[in-house]
Amino acid sequence: MSQTEPRRLSLLNVCKTLTSLKQIHANLVKLGLETDLFIAGKLLHHCAISLSDSLDYACRLFRYTPNPDVFMHNTLIRGLAESDRPENSVLKFIQMRRNSFSSPDSFSFAFILKAAANLRSMRAGIQLHCQALVHGLDTHLFVGTTLISMYGECGSVASARKVFDEMREPNAVAWNAVVTACFRGVDLKGGRKMFDLMPVRNLTSWNVMLAGYTKAGELELARETFLEMPMKDDVSWSTMIVGFAHNGYFEEAFGLFRELQREGMRPNETSLTGVLSACAQAGALEFGKILHGFIEKSGLSWIVSVNNALLDTYSKCGNVHMARLVFEQILKERNIVSWTSMMAGLAMHGHGEEAIELFHEMEEFGIRPDGITFILLLYACSHAGLVEQGCEFFYKMRAMYNIEPSIEHYGCMVDLYGRAGQLQKAYEFVFQMPIPRTAIIWRTLLGACSIHGDVKLAEYVTERLSELDPNNSGDHVLLSNAYAVAGKWKDVASVRRLMTDQRMTKTPGWSIIEVDKIIHTFMAGAKQDKITEEAYKKLKEIILRLRVEGGYVPEIGSVFHDIEEEEKEDSVSVHSEKLAVAFGIARLCNGSTIRIVKNLRVCRDCHAVMKLISQIYKVEIVVRDRSRFHSFKDGYCSCRDYW
DNA sequence: ATAGGGTTAG
């Protein structure tokens, strides 16, 4: 090896993207050094482990190395084990056993067991356990620890504990693994007990507790533990932020992020994506922009995952243009998540065709779609009314892309037919699907019945649902909406009576609007305060003007209510999104867009009102409902009245 | 030990 080699290889440590790695690789080839096993191993390690989304390149590198050694085998097995297709890792392991002169060492087993863990395959795990035994490696500390994790991931806390108990001298890592295994098996008490028994705790032990508690939704316990910790690192902070964000506590996630910065720590990739995900879910555009600025300033904008989260935040906050801009900026480094997120953004905003176009562009880019990409594609089709295209994609995903449809894909198909009013087809589809029908499948069908007023089917579906998921108030609301659309008010009333008799409470709808940096929440039928009163007053005035100038007649069909006409109309006019928009009209200055986030889907009447308001008051209104965006302008909505 | 894209519904 010449003098320059160590220096050239040390370049690898600073190369952060595949593009720069390729340059180094090209240089090595030019010097004829790429067959040197040490150098090839280093290179492989860098793109299989250190860089994300470079596995394909790693596989090619491996293929072009004449006689790869154990290290290279292990490295590729390791990289594949962490990929989205861990089965390839197992294949590589088998290939190594068959074709190679090198026999597996403790590293091989540690990595391949990780693949079994990621596959949640107890069968593969047990077989590998046996093989490790044959090689006398099952009692090896590292292998034993991975065995514990594997059994934990596969859901067998008992096996995990057995391996642990038989360990001669478990170190802190082994202890941590067994605590993690307990939490995976939702044995919180057991996890806590092992934690208390630990002879030596390191920072990871504490972080394991945080992760265990937040995943179980025990945020109070997590917070207690967090405060109790003798030391915190960025993983501790990230775990807390992500934990709160995932459990819907957005304000808490924001608060922790600010606190982290106050303590003088640098947010890392994970805490940033976590806090951005909170922004996306909450629709907090302004905070998202601040974070964008921070990312640019602190030189973190090269990180793909951060850009993906940012892109997602912009589109979920209603700003597809900014999402697109971020997407354009990462042109070379885009991965499957970037493409899928952008497709999701377009689909949510009603640009189904563009989402499909983007899919084809992605293919030209040489990126293979995965199962999630197809969920988004089908979502795009169903929400744009593109029934035939949706069917075609559903067929192609298996035939051309070798991706087995999962329950989510079947759900999309039911929705595709149902939303378009093809209830017969939807029903047949549900019957011929080859995997067990879940409550969500039936609920999707029920949703379609409620849109189109198919009472008979709705009744049948409700029966199926009562077997699978009884006492779900939402399902009864859907049934009653189906009756209402069909004008069967007596049946509406009887469903409602049933609900009150059984003390079922309907999830309250809420809408939020930000005015002067303050977020106001409106709820139908909530207790009155000054703000709500103001909103009601303005709404009355608006409705009157809509009647006179826009010929507005309330639509009562899709509303859950009964008996008197006047009362029906009343209940329509108090939907939370109407209050929010009225408040926006009252408080926001002319020319600014009214942005509303709602937790449920928008009803027909509110939709009609929004269109009229946008026309008569000359304002743009953007509503994000539970699933998508509606942009109202000049009396039209971006969803083309299909949602 | 932590992370980014995900079917339905109230």
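Just so you know, these numbers use all the heavy atoms, side chains as well, and skip hydrogens, waters and symmetry mates. Proteins get letters first, then strands, A, B, ... in listed order; numbering begins at 1 in each.
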Under 4.0 Å between any heavy atoms, over every strand shown, what does [X] touch: base, sugar-phosphate, or nothing? Just pick one.
X        : value
A/Leu311 : nothing
A/Thr444 : sugar-phosphate
A/Arg628 : nothing
A/Leu376 : sugar-phosphate
A/Gly411 : base
A/Thr239 : sugar-phosphate
A/Ile407 : base
A/Lys598 : nothing

Donor-acceptor pair under 3.5 Å, [X] side chain vs [N] base:
X        : N      : value
A/Thr340 : B/dG5  : yes
A/Thr507 : B/dG10 : yes
A/Asp370 : B/dG5  : yes

Round to the nearest Å and state the distance from [X] atom [atom1] to [N] atom [atom2].
X        : N      : atom1 : atom2 : value
A/Ile372 : B/dT7  : CD1   : C1'   : 12 Å
A/Asn176 : B/dT2  : CG    : P     : 12 Å
A/Ile295 : B/dG4  : CD1   : C1'   : 12 Å
A/Leu300 : B/dA3  : CG    : P     : 18 Å
A/Ile451 : B/dA9  : CD1   : P     : 7 Å
A/Arg601 : B/dG10 : CZ    : P     : 8 Å
A/Trp175 : B/dA1  : CH2   : C1'   : 18 Å
A/His292 : B/dG4  : NE2   : C1'   : 15 Å

When you get a sec, tell me which of [options] is the closest nucleotide to the side chain of [X]?
X        : options              : result
A/Val235 : B/dG10, B/dA1, B/dG4 : B/dA1
A/Ile375 : B/dT2, B/dG4, B/dT7  : B/dT7
A/Asn335 : B/dG4, B/dA1, B/dT7  : B/dG4
A/Val242 : B/dT7, B/dA1, B/dA3  : B/dA3
A/Glu408 : B/dA1, B/dG5, B/dT7  : B/dT7
A/Asn481 : B/dT7, B/dG10, B/dG4 : B/dG10
A/Ser341 : B/dT8, B/dG5, B/dG6  : B/dG5
A/Thr373 : B/dT2, B/dG4, B/dG5  : B/dG5
A/Glu269 : B/dA3, B/dT2, B/dA1  : B/dA3
A/Tyr379 : B/dG4, B/dT7, B/dA3  : B/dT7

When you compare the side chain of [Y] with that of [X], does any pair of heavy atoms fall below 4.5 Å?
X        : Y        : result
A/Val235 : A/Thr239 : yes
A/Tyr460 : A/Arg464 : yes
A/Ser205 : A/Trp175 : no

Would you say a side-chain N or O of [X] is under 4.0 Å from OP1 or OP2 of [N]?
X        : N     : answer
A/His383 : B/dT8 : yes
A/Lys232 : B/dT2 : no
A/Arg419 : B/dA9 : yes
A/His409 : B/dT8 : no
A/Lys506 : B/dA9 : no

Using the six-membered ring of [Y], assess whether NZ or CZ of [X] lies under 6.0 Å from its centre and within 45 degrees of the ring axis.
X        : Y        : result
A/Arg192 : A/Tyr213 : no
A/Arg258 : A/Phe287 : yes
A/Lys396 : A/Tyr401 : no

Aromatic ring centroids of A/Trp237 and A/Phe226 under 6.0 Å?
yes

Test of ring centre spacing under 6.0 Å for A/Phe250 and A/Phe254:
no

